[in-house]
Amino acid sequence: MKRAEPNRLVSLMVDNLIWLFVLGAFIAFSLLSDRFLSPYNLGNILLRSAAFGMLVLSQAYTFITGNFDLSVESSLGLTAMFAALMLVTSEAGGLGWQLDPLLVILLMLILGGLIGLFNGVLITKVGVNNLLVTIAMLFVLRGATYGISPGTSISFFPKEFTWLGGGTLARIVTDDGNFVLSVAGIFVILAFLVGHIHTRYTQFGRNMYAVGADADAARAAGINVDRVVIIVYIIAGVCAAFAGLLQAGRLNAATPTMGANLIFAVHGAAIIGGMSIYGGRGNIIGAFGGVLLWSILDTGLNIMGVSPFWIDVSRGLLLLFAVLLDALRVRYQHNVQMRLALADTTVGLGDKEQSGG
Amino acid sequence: MVETGALPRRDMTLLDMRGISKSYPGVKALEDADFAVRRGEIHGLVGKNGAGKSTLMGILMGIREADSGTIAIEGETLHQASPQTMIDAGISYVPQHINLLNTLTVAENILVGNLPKNRFGLVDWKAVNEDSQARLSRLGLKLDVRQPVEGLSVAERTMLAIAKALFNDARLIILDEPTAALSRVDIDLLFGFVRAQQEQGVAFIYISHHLEEVFEICDRVTVMRDGRIVGMRAINEIDVADLIHMMVGGGVEEYQRESSAGHELVFEVQDLSRRGAYEHVSFALRRGEVIGISGLQGSGVDELAQGLFGLERMGVGDVTIAGEAYRPGSPKSAFEAGVAYLPQDRHRYGLVQLRSVRENVTYSVLDRLVGRLGVLMRQDEQAITEEYIDKLGIVTPGPEQRTLLLSGGNQQKVVFAKLAATQPAVLILHEPSQGVDVQAKVDIFNIINDLSRQGVAIMIISSEVRELIGLCDRILVMYEGRITKEFSRAADNMQPEDILLAIEGGPGDADA
């Protein structure tokens, strides 16, 4: 057991690096800007990235099984547009049906799930590569969103519909401004908690890890790999629909561009949170750390008045950094294994000492 | 063990395979093979590559279907053999490269798919760890179950795989080359564990090329050769020499190549060492000479070949080609220095299978075919391709055929054509006859012969000792990273038994 000890501490650090970054970023922005720590801003951090967070959760699920779903950003847009059409009067751009908001929410979640089911079946049963399927769906769903939209944004939703995305649970008035406890922020935290319990403490969740670690070995252990992957895509689709609900609720509007170009930022946040697209690694809590880091950086730079272009640059750099970190982590693990392998051999070693002496 | 009645009777037959035959198109992989294993014994299964061991084991595991023959377990004949029926019958396979869930913990690997839950239906991690720890201690295996499997040593992984098989009620466990990557300390650890399970009545089939270990751990041994069972012996009845004699067999018709070695030294390796791979390797190749290098997996031969071609680091030492220092940093620089390499795994490294014969043949010489304005001279390319299709007798509908659609032998010839087109001074061939049929083998030997007559110095890395004897002027044997023995036509000592014995690490004279 001697050989396992020294690298375990390092592994623990490597696995939880994200929280050091979150803390570091938080402290850095607190020092750089006096407005960052204002109650208004703190309440805002999670609200603004609630939809983003749900997309990260969806990708955390697919990542664990060694898959990914690029189409979730378009699912967000489509489900939001779909809901808007059902809800709103024809003057405001909808179909004029004005269906019950709770029914619409249910329908949009089902729509998200069906999109996931379609992706999952194509990938597992038909055997199409997950990159190709989800890129295709990225276009199909985004195109469909534009197609069904009236060409402009749709707004003026009923209160029941916007509560989750835009509602407020409590408001604490202070001298420096108001601290707003948003429903969306709490919802995202709860969603990640449920995700954590699901992946960590249920048989299904552990099967997800087994599939991601080695699909063949998982199959040999009696796990129905295809079923696990399909369900994971359904979950990802439902998460995307929730993201649509949160986003539309916060803006009190649905536009055809909602969610566009988010997916790589989503992957970046998940990866920097310790997930790996190769599967079987990372955890949901870490992914939540990734969401926090991403939104702290975003909000912090915004408050400091950095131009949007440079914010984009910093996002790109963070993404690069995340990928680099992943590569370093893999290299570190590889090196450890190489060292162990070399420790097992004496060839070309003992002899050198003799010839030298 | 107080209750002696619970102990299995040792002399009872556990597995009885009879009259097993299996043919592939053009090859008889197994012919009328009988193979039996008793309860609680460790049964060695030895034979050269291609002797039929994997086919026999594949049939036993239910992943291959026998053309004829019966399998009985504890006297009960199995009527259909699928992987699942074989697992249900208590047969388990532990491959050389073990398939575990590497990123997950030992505990999860043991209980995967069936984790203990608390009353809320959630995974009870405390129970997972305690349960798996208890199971392991019952087998006498000391492992930290909270550790991820990727942190385990190879021996620990092997033991974990055996333990997992036992938890699934395995009665017969097939160990395929379990010691190939192990140090002596780890081998002792593994053997201790295997013997402890044997005490409990578990039977093992032990497949290995390391004959000394077969003698160390096995009770009986079955020898295979050319798809047949040559014999079965109790281990205390025979010695290594007998076993090797059974493995190589009597006179088989052989390919005999006339030597074409010149005097001029082409390729010289002096005191080459690379940590963890090989040490003090020295040899020289003359113009037109063919030498063979043979050794077990892990003896350093594979690494040496790849090092000399720049696929891996070459290590410390002097290598010269025609008197000029040679240090390949990459395969490209090796090609430029006049060294060509035929990789062992032609599917991965030797061929671009989706592309045509023409493209594959000329990839390595394209820079010579670039005409004015950077456009390829298609006619010259065509001419070269046709020349080699003709010279090497590549059977293909035409130069535009995708190589994927050619037979194994013809694919191999395409790789040869690619190498020959570079007109190398030194040619390194890694298992050139692997996976090709008999006719293609002869063709390939003829190609080797032709190239050597043109003055190419050729180094063949192969475990097919008989083929080496037919082809080579000299055969070097590597063991544990060193060249331990040299056989040559000149010394008239190329006896297959002696060579195999040296390969297995038997008495050899340390080379100066």
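Letters A, B, ... are given to chains in the order of the sequence lines, protein chains preceding strands, and every chain is numbered from 1. Bear in mind the structure is a predicted one, so any value in this text is a computation, not a measurement. Computed over heavy atoms, backbone and side chain alike; hydrogens, waters and symmetry mates excluded.
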Check your understanding: Would one find more than 12 heavy atoms of other residues, nucleotides or ligands at under 6.0 Å from atom CZ of A:Phe204?
Key -> yes
Check your understanding: Has B:Arg313 got more than 12 heavy atoms of other residues, nucleotides or ligands less than 6.0 Å from its CZ?
Key -> no
Exercise for review: Compare all side-chain heavy atoms of B:Asn102 with those of A:Asp214 and state whether any distance is below 4.5 angstrom.
Suggested key: no
Exercise for review: Report yes if some heavy atom in the side chain of A:Tyr201 is under 4.5 Å from a heavy atom in the side chain of B:Lys117; otherwise report no.
Suggested key: no
Revision key, fill the gap. Whatever's closer than 4.5 Å to a heavy atom in chain A on B:Leu100 counts as backbone
Exercise for review: Answer with side chain, backbone, both or neither: which region of B:Asp124 has an atom nearer than 4.5 Å to a non-hydrogen atom of chain A?
Suggested key: neither
Review point. With sequence neighbours left out, which residue pairs that include part of residues 169-190 of chain B fulfil the ring-ring contact (aromatic ring centres under 6.0 Å, His included) condition?
Key: none
Review point. Atom CG in B:Leu115, atom CD in A:Gln203: separation rounded to 0.5 Å?
Key: 4.5 Å
Review point. When rounded to the nearest 0.5 angstrom, what is the spacing between CG in B:Leu101 and CZ in A:Arg206?
Key: 10.5 Å
**Study point:** Nearest atoms (heavy-atom pairs only) where B:Val112 meets A:Ala221
**Key:** CG1-CB, 3.5 Å
Review point. Shortest non-hydrogen contact from A:Ala213 to B:Thr103?
Key: CB-OG1, 3.3 Å
Revision key, fill the gap. Looking only at B:Gly315, B:Gly121, B:Gly113, B:Pro83, the option with the highest number of non-hydrogen pairs under 4.5 Å against chain A is B:Gly113
